[in-house]
Protein chains: 2
Amino acid sequence: MSLDVVVLRLREEQIELLLERRERPPFEGSLQLPALRIDEERDRDLETALDRLLAEWSLGDSYREQVCSLGSRERDPRGWSTTLVYLCLVPPTTDLARGQWYPLQSLPALRLAFDHIQLVARALERLRVKSRYSTLPVHLLGEEFTLSELQRAYEIILQTPMNTAAFRKRIHRAEILCDTGRKRTGKQRPAILYRIEAPSCVLFDQVMNGAEG
Amino acid sequence: MSLDVVVLRLREEQIELLLERRERPPFEGSLQLPALRIDEERDRDLETALDRLLAEWSLGDSYREQVCSLGSRERDPRGWSTTLVYLCLVPPTTDLARGQWYPLQSLPALRLAFDHIQLVARALERLRVKSRYSTLPVHLLGEEFTLSELQRAYEIILQTPMNTAAFRKRIHRAEILCDTGRKRTGKQRPAILYRIEAPSCVLFDQVMNGAEG
DNA sequence: TTAATAGTGTCTTTGAGACAATATAAC
DNA sequence: GTTATATTGTCTCAAAGACACTATTAA
């Protein structure tokens, strides 16, 4: 039994996926997700196994959640296999120990190993659905961020423009941010830098529909 | 690797859980969830394994969804084990081939095998959270049902009274019901009997808060 | 000053929740 | 008629979404 992790980051207005070239058959030369075979000697439970996997990729304490399990006779040509799929969100500046980032747009042109393209689809679906009613996207931003950056993250994930006023009221009401006192300066009015109050995911009471409802 | 299913029904204003007495060690004499060890010869994938398990309990085509996976060295005293937890909702009149129904209220007094009490908690959590923003509870009703019965189901699951007018507007807007033309008669005004349009689970755009908001 | 983005105030619409009114059966 | 439950109409409030306005910096 194995773990497969869909690791995403946000970079230059695009969602990027972490993949690595596979060195041996089956699917030699194809790209694959960060994965791990559970080692019953070393891993006391699924969480520690996931920790071990993410440590190997130096993705230490990033946000993660279980997405689903898939198992079948066909997904691995060598025989029955089961995998537990996780979604992992990391900041834009994450340094890579292994693998490479691929923008989602490039995905159709890539050759992925096993059924990994479906695992990615499931994780993306989770990200998109959950972003409509929770603060999940904050985990794609850095330590400190502005409300505009957060709004942009939602817009990229949900692929629809958001209403700025409504968006801000909503985020403020959720009380998940705290003002760092610092500002992000640029060529224009500086924006307040926020941090998340707790590294969790808060659910809203209403679903966002974006600009066209 | 095994599947464990939390099967629930609604009966006499209570949620009931399907359990069976365990005949052999470990946890001999304790109660356990319907479970199955995946048979890589017979089961082509997880879905067919689940079908096989539910068929053994004559719970044929009832509603089911994956809740989570749990795996650790401790959950089975015989060694590492992983289970995939499913939630299954059945109508009140379901005939049992095996096991027995236990009202949730009686659960604290029961002795459950393994970590099954936690699996039940996870599945119940899913039912409660998802009932706030979806039509999930319809799967606990029979083929035909009235809006009052549906409202009562929500109230029992969420443990809070609902506003009747708001509830009905919401359900009608979701367009998941169709009028059977038949009526449920009693000692009072007959109520329209509805069927669900498709055996699925529709998400609302807003979360229900119940009477006190 | 202008350009550019940050942030807010106001209006409209939608739907939740409260509550009362009406409807339709059995008796 | 009375009783009991089903169903709907009206009101208020909260929040989304639209849109325009103000704020604050760099250049």
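Protein chains get the first letters and strands the later ones, always in sequence-line order, with residue 1 at the start of each.
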TODO: Round to the nearest Å and state the distance from B:Tyr133 atom OH to C:dA16 atom P.
DONE: 16 Å
Task: Under-4.0 Å salt bridge between B:Arg152 and B:Glu155 - done: yes
Open item on the list: Students often mix this up, so state it plainly: with edges at 30° and 60°, are the rings of A:Tyr154 and A:Phe167 parallel, tilted or perpendicular?
Closed with: perpendicular
Open item on the list: I want to check something: taking the side chain as every heavy atom from C-beta on, are B:Phe145 and B:Ile196 in contact at a cut-off of under 4.5 Å?
Closed with: yes
- [ ] Determine whether B:Lys183 and B:Ile192 make a side-chain contact, defined as any pair of heavy atoms from C-beta on separated by less than 4.5 Å.
- [x] yes
- [ ] Take atom CD1 of B:Ile171 and atom C1' of C:dG15, then tell me their distance rounded to the nearest Å.
- [x] 14 Å
Open item on the list: What is the distance, to the nearest angstrom, from the CZ atom on B:Arg173 to the C1' atom on C:dG17?
Closed with: 13 Å
Open item on the list: Nearest whole Å is fine: how far is C:dG17 P from B:Tyr154 OH?
Closed with: 13 Å
TODO: Taking only the side-chain nitrogens and oxygens of A:Arg170, find out if one of them lies under 4.0 Å from OP1 or OP2 of D:dA16.
DONE: yes
List, one per line, each side-chain donor-acceptor pair under 3.5 Å for residues 171-180 of chain B, sequence neighbours excluded.
unit_1, atom_1, unit_2, atom_2, d
B:His172, ND1, B:Arg168, O, 3.1
B:Asp179, OD1, B:Gly181, N, 2.7
B:Thr180, OG1, B:Arg182, N, 3.1
B:Thr180, OG1, B:Leu193, O, 2.8

Open item on the list: How would you summarise protein contacts on nucleotides 4-10 of chain D per nucleotide, using B for base, S for sugar-phosphate only and - for none, with heavy-atom distances below 4.0 Å?
Closed with: BBBBBBB
Open item on the list: From CZ of B:Phe167 over to C1' of C:dA18, roughly how many Å is that when rounded to an integer?
Closed with: 17 Å
- [ ] Check whether any side-chain heavy atom of A:Arg11 sits under 4.5 Å from a side-chain heavy atom of A:Trp101, and report yes or no.
- [x] no
